[in-house]
Amino acid sequence: MEGRKPASAEATTELSYFDIQAYWGVTKHMGGLRATDALTELCHIDEDKYVLEVGCGVGLTSCYLAQKYGCWVMGVDISEKMVEWARRRAVRRRVEDRVEFRVADAQALPFEDALFDVVIGESVTAFPEDKRRAVSEYVRVTKPGGYVGLNEGTWLETPPADLVEYVKRTMAGAEFLTPDGWTELLAGAGLSDIVARTYKVGALRQRLDEMSGLDFDDLLDRLRAWGTFFSLYLKNPAFRRYAREITPSAKIIRDLFTYLGYGIYVGVKREA
């Protein structure tokens with residue numbers, strides 16, 4: 001059956017944030033499809049646009065854009081397993097003729113200059129070590145007059161140091177910025193007419209947003225993921241220690257949704 005995992009999960013799953021997500025076929029971003037709709041509206045995506053999604057994960061946004069707008073989409077992700085999930089999703093959603101997926105690093109995109117009308121990333125640019133290089137790559141492959149848009153976790157209030165440390169330790173070194181930080185990153189890459197909108201979100205709202213846009217097969221994949229989680233937790237001591245380490249306390253959850261929200265940041269590449 002499509003999407004079924006290998007039986008020897010203990011041997012194949014690496015204990016890292018991205019490897020486990022890729023193994024399970026699960027990715028998410030703050031705000032869900034509500035945030036995606038806000039981002040695509042500001043980027044003026046329509047059926048005539050060629051869109052690059054950086055950090056496409058399992059392909060949820062890329063396939064959604066192709067279905068909703070009829071645009072052409074290129075999705076890239078640094079994880080080959082994620083790309084495999086995304087390709088299966090495109091076939092399942094019947095948009096494989098309008099969506100292509102490749103393995104690529106956000107900091108070194110394998111595309112010629114000025115190829116795409118729009119470049120977007122959702123919960124992606126918080127992770128590269130060199131954010132300026134990544135955003136410069138987004139701008140490089142965007143056509144003059146085109147849009148670069150980000151949906152990123154944003155510190156809406158100055159967070160306590162232990163919360164920042166927890167995020168970096170459990171989320172593959174993620175570094176969220178303030179609204180000014182994200183805006184300055186886009187401006188520093190040469191984008192103009194920058195629009196920044198920030199949103200606060202609660203734990204329940206975020207959970208509902210994460211479920212939006214999922215079809216029946218997606219829900220089955222989520223159930224399999226949870227089954228794999230509990231199997232690993234019971235059988236694999238290393239995974240059990242890792243799960244305990246990354247499981248947030250009630251205080252961490254409360255603090256996350258007190259200080260952290262998300263922001264939509266969109267800029268225009270200047271005409272040559």
Side-chain angles (χ1 to χ4, degrees), residues 1-30 32 36 51-66 73-96 98-111 119-129 134 137 151 153 169-174 210-211 213-233 235-236 238-243 245-246:
M1 181 181 293
E2 180 180 300
R4 185 172 294 279
K5 318 298 187 302
S8 56
E10 294 84 355
T12 57
T13 303
E14 298 295 331
L15 299 182
S16 75
Y17 180 76
F18 287 122
D19 286 328
I20 287 177
Q21 282 197 336
Y23 186 77
W24 289 344
V26 174
T27 51
K28 55 191 177 183
H29 58 265
M30 294 190 75
T36 300
V51 180
L52 171 65
E53 184 191 7
V54 181
C56 64
V58 298
L60 182 63
T61 293
S62 291
C63 293
Y64 175 72
L65 295 182
V73 185
M74 171 68 72
V76 299
D77 199 280
I78 199 168
S79 166
E80 186 169 348
K81 289 181 181 178
M82 289 293 194
V83 168
E84 290 172 0
W85 280 107
R87 287 170 177 161
R88 288 198 288 268
R89 179 184 298 278
V91 172
R92 199 166 71 202
R93 294 291 180 93
R94 299 180 180 178
V95 292
E96 68 271 25
R98 305 194 72 82
V99 182
E100 182 180 353
F101 295 103
R102 297 185 190 177
V103 177
D105 186 339
Q107 299 168 102
L109 294 172
F111 303 111
V119 175
I120 64 170
E122 296 191 281
S123 294
V124 170
T125 313
F127 294 96
E129 183 176 351
E137 280 291 274
N151 166 20
R169 176 169 52 85
T170 62
M171 295 181 64
E210 289 171 8
M211 300 299 291
L214 300 182
D215 60 20
F216 180 73
D217 288 312
D218 293 325
L219 295 175
L220 286 180
D221 288 340
R222 294 291 174 100
L223 289 174
R224 294 189 189 107
W226 278 109
T228 301
F229 175 90
F230 288 117
S231 176
L232 286 170
Y233 191 87
K235 298 177 182 178
N236 187 324
F239 182 82
R240 190 157 55 245
R241 288 192 296 271
Y242 175 76
E245 178 185 355
I246 66 172

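Residues: numbered from 1 along the sequence shown.
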Colleague: Shortest non-hydrogen contact from S62 to C56?
Modeller: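 In this case the closest contact between S62 and C56 is OG-CB, 4.0 Å.
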
Colleague: With rounding to the nearest 0.5 Å, note down the distance linking CH2 in W85 to CZ in R92.
Modeller: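 One finds 8.0 Å between CH2 of W85 and CZ of R92.
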
Colleague: How would you list, by chain and number, every residue that makes a side-chain contact (heavy atoms from CB on, under 4.5 Å) with V124, sequence neighbours excluded?
Modeller: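 Partners of V124 by the side-chain contact (heavy atoms from CB on, under 4.5 Å) criterion, ordered by chain and then number, come out as V54, Y138, E152.
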
Colleague: Closest approach of A66 and V73, non-hydrogen atoms and distance?
Modeller: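 Between these two residues, the closest heavy atoms are N-CG2, 4.3 Å.
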
Colleague: Check G153 against M30 and note the closest heavy-atom contact, atom names and distance.
Modeller: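 What the structure gives for the nearest pair is CA-SD, 4.3 Å.
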
Colleague: Which heavy atom of A90 sits nearest a heavy atom of F101, and at what distance?
Modeller: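 What the structure gives for the nearest pair is CB-CE1, 3.9 Å.
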
Colleague: Quick one: does any side-chain atom of D77 pair with a main-chain N or O of G57 as donor and acceptor, under 3.5 Å?
Modeller: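 The answer is yes, because a donor-acceptor pair under 3.5 Å joins these two groups.
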
Colleague: How would you list, by chain and number, every residue that makes a ring-ring contact (aromatic ring centres under 6.0 Å, His included) with F111, sequence neighbours excluded?
Modeller: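 In terms of ring-ring contact (aromatic ring centres under 6.0 Å, His included), with neighbours along the sequence ignored, F111 is linked to F116.
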
Colleague: Mind checking what makes side-chain contact (heavy atoms from CB on, under 4.5 Å) contact with A174, not counting sequence neighbours?
Modeller: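 Listed in chain order: F127, V167, M171, F176.
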
Colleague: Rounded to the nearest 0.5 Å, how far apart are CZ of R87 and SG of C63?
Modeller: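 Atom-to-atom, R87:CZ and C63:SG are 12.0 Å apart.
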
Colleague: Identify, with sequence neighbours excluded, every residue that meets side-chain contact (heavy atoms from CB on, under 4.5 Å) alongside A104.
Modeller: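 side-chain contact (heavy atoms from CB on, under 4.5 Å) check on A104 returns V76, P110.
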
Colleague: Tell me, yes or no, whether the heavy-atom count around R240 atom CZ, taken from other residues, nucleotides or ligands under 6.0 Å, exceeds 12.
Modeller: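 Check passes, neighbour count above 12.
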
Colleague: Going by side-chain hydrogen bond (donor to acceptor under 3.5 Å, both in side chains), name the residues that satisfy it together with E84, two or more places apart in sequence or in a different chain.
Modeller: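 Applying side-chain hydrogen bond (donor to acceptor under 3.5 Å, both in side chains) to E84 gives none.
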
Colleague: What pair of heavy atoms forms the shortest contact from E137 to L109, and how long is it?
Modeller: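 Between these two residues, the closest heavy atoms are OE1-N, 2.7 Å.
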
Colleague: State which residues pass side-chain hydrogen bond (donor to acceptor under 3.5 Å, both in side chains) with T36; sequence neighbours excluded, sorted by chain then number.
Modeller: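 So T36 forms a side-chain hydrogen bond (donor to acceptor under 3.5 Å, both in side chains) with H29, E122.
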
Colleague: The criterion is side-chain hydrogen bond (donor to acceptor under 3.5 Å, both in side chains); which residues satisfy it with R102, sequence neighbours excluded?
Modeller: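 Residues passing side-chain hydrogen bond (donor to acceptor under 3.5 Å, both in side chains) with R102: E100.
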
Colleague: Does L60 form a side chain to side chain contact (heavy atoms under 4.5 Å, CB included) with R93? I'd like the steps, not just the answer.
Modeller: CA-CA 10 Å; L60 182 63; R93 294 291 180 93; 4.3 Å; yes

Colleague: In sequence, state the C-alpha distance, the side-chain angles, and the governing distance for V51 and M74, and then conclude on side chain to side chain contact (heavy atoms under 4.5 Å, CB included).
Modeller: CA-CA 6 Å; V51 180; M74 171 68 72; over 6 Å; no

